[in-house]
Amino acid sequence: MASKGAGMSFSRKSYRLTSDAEKSRVTGIVHEKLLNDYLHRIFSSADHASTTATSRKPLNFQNLPEHLDQLLRVDDEEEESQGQVEGRLGPSTVVLDHTGGFEGLLLVDDDLLGVIGHSNFGTIRSTTCVYKGKWVYEVLISSQGLMQIGWCTINCRFNQEEGVGDTHNSYAYDGNRVRKWNVTTTNYGKAWAAGDIVSCLIDLDDGTLSFCLNGVSLGTAFENLSRGLGMAYFPAISLSFKESVAFNFGSRPLRYPFVKKAVVAGYRPLQDPPRADLVRAQKLLGCFQAVLSVELDPTEGQLLEKESSEWQLQGQPTILLTLAHIFHRFAPLLRKVYLVEAVLMSFLLGIVEGGTPAQAQSMVHQVLDLLWLFMEDYEVQDCLKQSMMSLLRLYRFSPIVPDLGLQIRYLQLTIAILSHEKSRKFLLSNVLFDVLRSVVFFYIKSPLRVEEAGLQELIPTTWWPHRSGREGKESKEVKDETSEERLRRRAYERGCQRLKKRIEVVEELQVQILKLLLNNKDDNGGEASRYIFLTKFRKFLQENASSRGNMPMLCPPEYMVCFLHRLISALRYYWDEYKASNPRASFSEDDLASKANILIDPLELQAATMDDLDEDEEPAPAAAQRPMQALAVGGALPLPRPGWLSSPTLGRANRFLSTAAVSLMTPRRPLSTSEKVKVRTLSAEQRTREDIEGSHWNEGLLLGRPPEEPEQPLTENSLLEVLDGAIMMYNLSVHQQLGKMVGVSDDVNEYAMALRDTEDKLRRCPKRRKDILAELTKSQKVFSEKLDHLSRRLAWVHATVYSQEKMQDIYWLLRVCLRTIEHGDRTGPLFAFMPEFYLSVAINSYSALKNYFGPVHSMEELTGYEETLTRLAAILAKHFADTRIVGTDIRDSLMQALASYVCYPNSLRAVERIPEEQRIAMVRSLLAPYEQRPWAQTNWILVRLWRGCGFGYRYTRLPHLLKTKPEDANLPSLQKPCPSTLLQQHMADLLREGPDVAPSFLNSVLNQLNWAFSEFIGMIQEIQQAAERLERNFVDSRQLKVCATCFDLSVSLLRVLEMTITLVPEIFLDWARPTSEMLLRRLAQLLNQVLNRVTAERNLFDRVVTLRLPGLESVDHYPILVAVTGILVRLLVHGPASGIERATSVLLADPCFQLRSICYLLGQSEPPTPGTALSAPDRKHFSLQSYTDYISVEELAQVEQMLAHLTTASAQAAAASLPTSEEDLCPICYAHPISAVFQPCGHKSCKACINQHLMNNKDCFFCKATIVSVEDWDKAANASATSSAA
């Protein structure tokens, strides 16, 4: 096999290390004395360093092997047995005992050193124990949850509830709860975090046990350990579900062999290091370094010292043979984990530290070239694999230091290794994503202990915002900021900027790694790195999307957030590069999204290969009839879907099909037989960039390019697949994690509120109460310290998660999704192929931008903010009722997003900016009958369009709660009213438009109001009965929640009726309309029922309200009575004279009407005498006059006017009413006289009952015959007609 090095190709077969007669001829290339000096310089040892040049044995390539054997000989002490050692029992290679030393269900890694909890509290111990001496092992904490780490004896018995430290002779440290355990528990140590390293030390000579965290001693944990016959201690751990750790018993160098602040001399790891091999490897590394620092000058016959960074492989046979001798012995050693980490990684990290990044990269490339040149492929591959795993551990488990220097070093070395093309391709194909969680390289862990991360020095002044940037919370304006607060804020912001700049250095290195992995311009042929990455990236997405049952295998969401941002940066870099290299192509603002055409959801398809797509080829005539213009490029022709997209095979094509695989909506050119053979037989190593992307004459493996467009590059296909994956990543876990990280900001707000309350109490506390003052001062100190800590953590979170650049990334994703949805919608059939997660990401990314990035950054700062809001509004308005969307979850998400959208002024204005036909179509969908659809969400949308216009409907917090708890800042907060008169006008126009729109809509609203209020009354009856029982009982919280929801629904339905009556009063009051009288009678009936239930003295409603049950805070007189009052005022005060007369007569004619209920609104127990003034309200009873902050004087005057009018009308109606025979009353309601007869059956009722019934059913009440018509019926007229006929 030939390998490349420094531009020359050398065959390994030409380097024979055996002695033969021809070898001496080689030495003639350089002078024998010079060769002797060179070899002595390279292969000198400490023992021979003092030997003079004249006494040295001449060295040449014939006797060099013998000299090397002597040089690499180690002392007998270092060749000591690797078996039994005094004080230790068990195998020399220490691993976890997965055969019998465990309890519960655990997942153990292949190397038997990593473990993941898969049951309640699983326990596992090692295969080796100790009974004498001083011993240490390390545990790498991968997750910071509930774990107990320590030591136990073989006699300890554990179960799913009791683990290490819960029994006698077992001892543990728990950094989650910050305690130590040995049957009992006490406080000990510090809290650990993911990425920390715990050192467990046991001294069986003194009988003590201690722990260290990241090299810092936590002190002696236990003393007087049981020792003696039969007492030997095993390393052991107990961990809960999904928690994971990795052990290092000595198979790798300990990260902290000497612990700070503690004398640990004499402690040894449980597994002995390979001392002899370590000595040999260090000597060979010294020889290799000597080769790099010495240059042969044959012309002058001398050796020249030079910098290693300047060394270049020139192809000199002497140097090549010298290196061949070194690597002949070095190569087997570099396959061992311990030696790679202790020797090779130390050497490479020294290169990175010793020069500029460019010099280090060049030098690492030289080293890797030599490895591939002089070592067998399997040796290099093992070495690279161990190197990468070592780098990953070093990066992941490095402590956070102020300058992030450790992380920067490891990332720089990773970049240098991945910059080497051959090494990068091997690592991508076999190690990254396969063996390692390589996304760890893109994560910056958050420091749990800010003092150790140096944040106190970086951000000396702390500050916390006194307002929340999330909508829905009342804010304190910046103008209220004092000068001291302003100075503190500015100092804090300067500290945050310093921190952000340091973090940006790490982020830029992480982006460079991804740029290398996405490189598609490799020079040495074969499959490009980008396409190897895409293969692994697909697998990564599939594991995280479809393996939700196997939780430990999922990528942690905090890693996914960082990975997404780095991926977006690298993707946009390559897309910009692609645009620059194709100046003839036209690119728009969101050109990358405009290219996204068919997007196949990987969750909806099954595994298949590329061959499957060739199984069902289209007939040539069918393909020829299709136009060749691609829909993706904006073609106006309505193209039918290609047959290969409809084939049964496509339904199975998951694992492989993606955006790139089906990115052009054009028919595929059938491959010739030879091309098919090539596609199916080329191995990954043989595929060239032309095979992958295609050329002028070949379609490539991704997809056939139409012959008419030979110049269209398919590079964009691979970038589109990365984009598709990035959007899926956001949908999988990134959005949830962004919401979770807001918890730090919420904690800051809560502690800031507690601190302000404490300071207020201190100011109000009398000086003589020193005991109270002392407690308050102590609380103030605790809150201040906690806020200092949290504000620095918040600075870290803002820099890594919520920075301006991260906000731009999420905003870019939002715009891409909007563009893709718009494009799919325009092309008609293409919309069916768009995965639902594009809609979800569009909705969720907007929510994240609006709620998660404040108060530091605002969405209004983003370029094109208003245009983006309008585009999203148009999508929500069109698709929330789109019949093409059949998934219930996504339909609900769209409805909820629209409901949230109309709550806030900026987004509501965006809805008003969409084209008028779209607005009208949206309102028409909202006014569709409520049956057979999620009517509650639709109703909330209509209510939010009305809030601020209704009677007493301008509050932001429930008024009755503020009256009972005026100082409680945690009360539920509502949005400030922002009604839309434009959308209200559209609603009014549509209700007037057709004869059936208003009746069907209002009938459904009245039906739902009847149901919701009836359910509410039934539930409060059950709650009241439970509360009156003598025995102790509890009301189910779910029942309380459902009860409150029914109440809120009733109020919102009443508000929609109020809006309808205000906008289009003629629907109820113009009796020329066929359904007006019926709707008015139904409305009066429901209003009277609500009033009677809510206003009765000492009734059920009153008793439940006075209980003040948690969960029923919104249930009170005010919300529902002001809604009813608003409807009555609109009917009886604001309507036309004829309308007022009709409404009055219908209301008074209802048998449930009670004037006392109307009096209750103003706090009156009895109706006033006509012509007299109203008496003062009773303070013990509800009265609208008590809520003058929310009800205007004009509104109260209208209520008084309504009461006076009803009092007068009621008295007149009572005087004019005549007694009615029971036989003449409607047999359905017994409230109105019979006035209608059904044909053909002849049964009778009042018009109100039959009209209401016919809205939903056409069968007779009594005989179930189908009613053909309803005729007026007058008893007197019918009696006279009957007598005349007789």
Side-chain angles (χ1 to χ4, degrees), residues 949-955 958-964 1009 1013 1016-1017 1047 1050-1051 1053-1055 1057-1058 1061-1062 1083-1102 1104-1106 1114-1135 1140 1143-1144 1146-1148 1150 1152-1211:
C949 297
F951 182 92
Y953 202 32
R954 294 172 292 276
Y955 51 83
L958 295 172
H960 61 275
L961 289 181
L962 289 175
K963 287 179 71 69
T964 55
L1009 175 59
F1013 190 72
F1016 167 69
I1017 293 300
F1047 179 81
S1050 302
V1051 173
L1053 289 162
L1054 287 168
R1055 288 297 185 180
L1057 289 170
E1058 179 190 15
I1061 293 171
T1062 305
L1083 176 64
Q1085 180 184 6
L1086 286 171
L1087 293 180
N1088 282 325
Q1089 289 179 8
V1090 171
L1091 283 171
N1092 292 342
R1093 290 286 190 174
V1094 175
T1095 62
E1097 291 291 337
R1098 294 181 298 279
N1099 66 349
L1100 178 66
F1101 188 87
D1102 264 342
V1104 171
V1105 166
T1106 53
S1114 62
V1115 178
D1116 195 82
H1117 297 82
Y1118 182 87
I1120 196 164
L1121 288 183
V1122 290
V1124 172
T1125 305
I1127 296 174
L1128 292 175
V1129 166
R1130 287 293 169 182
L1131 289 173
L1132 302 175
V1133 176
H1134 291 286
I1140 292 175
T1144 305
V1146 169
L1147 189 66
L1148 296 179
D1150 187 86
C1152 297
F1153 174 76
Q1154 296 182 23
L1155 187 58
R1156 181 194 53 78
S1157 297
I1158 307 298
C1159 298
Y1160 185 93
L1161 300 175
L1162 294 174
Q1164 307 296 326
S1165 56
E1166 295 295 336
T1169 305
T1172 61
L1174 293 174
S1175 60
D1178 187 349
R1179 293 180 178 273
K1180 296 180 181 180
H1181 295 88
F1182 172 85
S1183 174
L1184 295 178
Q1185 296 174 359
S1186 304
Y1187 292 89
T1188 52
D1189 291 339
Y1190 309 100
I1191 301 175
S1192 65
V1193 176
E1194 293 78 7
E1195 289 173 331
L1196 283 175
Q1198 292 166 7
V1199 177
E1200 293 175 1
Q1201 180 183 346
M1202 176 187 70
L1203 177 57
H1205 169 71
L1206 285 175
T1207 303
T1208 304
S1210 178

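- With contacts defined as side-chain heavy-atom distances shorter than 4.5 Å, the pair Leu1162/Glu1200 qualifies.
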Start with the C-alpha distance between Phe1016 and Ile1120, add both sets of side-chain angles, then the distance that settles side-chain contact (heavy atoms from CB on, under 4.5 Å), and finish with yes or no. CA-CA 12 Å; Phe1016 167 69; Ile1120 196 164; 5.9 Å; no
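- With Leu1087 as reference, Ile1127 is the one residue of Asp1150, Ile1127, Leu1009 to meet the side-chain contact (heavy atoms from CB on, under 4.5 Å) rule.
- Every residue two or more places apart in sequence or in another chain was checked for a ring-ring contact (aromatic ring centres under 6.0 Å, His included) with Phe1013, and none qualifies.
- Between His1117 and the options Phe1047, Phe1101, Tyr1187, a ring pair (Phe, Tyr, Trp, His ring centres under 6.0 Å) holds for only Phe1101.
- Atom CE of Met1202 and atom OG1 of Thr1125 lie 5.5 Å apart (nearest 0.5 Å).
- With hydrogens and angles ignored, the 3.5 Å screen pairs no side-chain donor or acceptor of Gln1198 with any backbone N or O of Val1133.
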Stepwise, does the side-chain contact (heavy atoms from CB on, under 4.5 Å) test hold for Leu1161 with Leu1203? CA-CA 9 Å; Leu1161 300 175; Leu1203 177 57; over 6 Å; no
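- Taken from CD in Gln1201 to NE2 in His1134, the straight-line distance is 8.0 Å, to the nearest 0.5 Å.
- For the residue pair Ala1143 and Leu1132, the shortest heavy atom distance occurs at CB-CD2, 3.9 Å.
- A 4.5 Å side-chain heavy-atom check between Leu1131 and Leu1147 finds every atom pair outside the cut-off.
- In this structure, CG in Leu1086 is found 8.5 Å from CG in Leu1054, a value given to the nearest 0.5 Å.
- Val1199 has its side chain out of reach of Ile1191: every pair of non-hydrogen atoms, C-beta onward, lies at least 4.5 Å apart.
- Val1051 and Pro1119 get closest at one heavy-atom pair: CG1-O, 3.8 Å.
- Across every non-hydrogen atom of Ser1157 and Asn1092, the tightest pair is OG-OD1, 3.1 Å.
- Looking at His1205 and Ile1140, their side chains come closer than 4.5 Å, going by heavy atoms from C-beta outward.
- Within the 4.5 Å cutoff, the side chain of Phe1182 has no heavy atoms near those of the Val1105 side chain.
- Rounded to the nearest 0.5 angstrom, Thr1207 OG1 and Ile1158 CD1 are separated by 9.0 Å.
- Cys1159 contributes atom SG, which lies 9.0 Å from atom CG of Leu1206 (distance to the nearest 0.5 angstrom).
- Atom CZ of Arg954 sits in a crowded spot, with more than 12 heavy atoms from other residues, nucleotides or ligands closer than 6.0 Å.
- Put simply, OG on Ser1210 and CG on Leu1148 are 5.5 Å apart, with the number rounded to the nearest 0.5 Å.
- By the 4.5 Å heavy-atom criterion applied to side chains, Val1193 and Thr1188 are not counted as neighbours.
- Using a distance-only test at 3.5 Å, with no hydrogens or angles considered, no donor-acceptor pair links the side chain of Arg1055 to the main chain of Gly1126.
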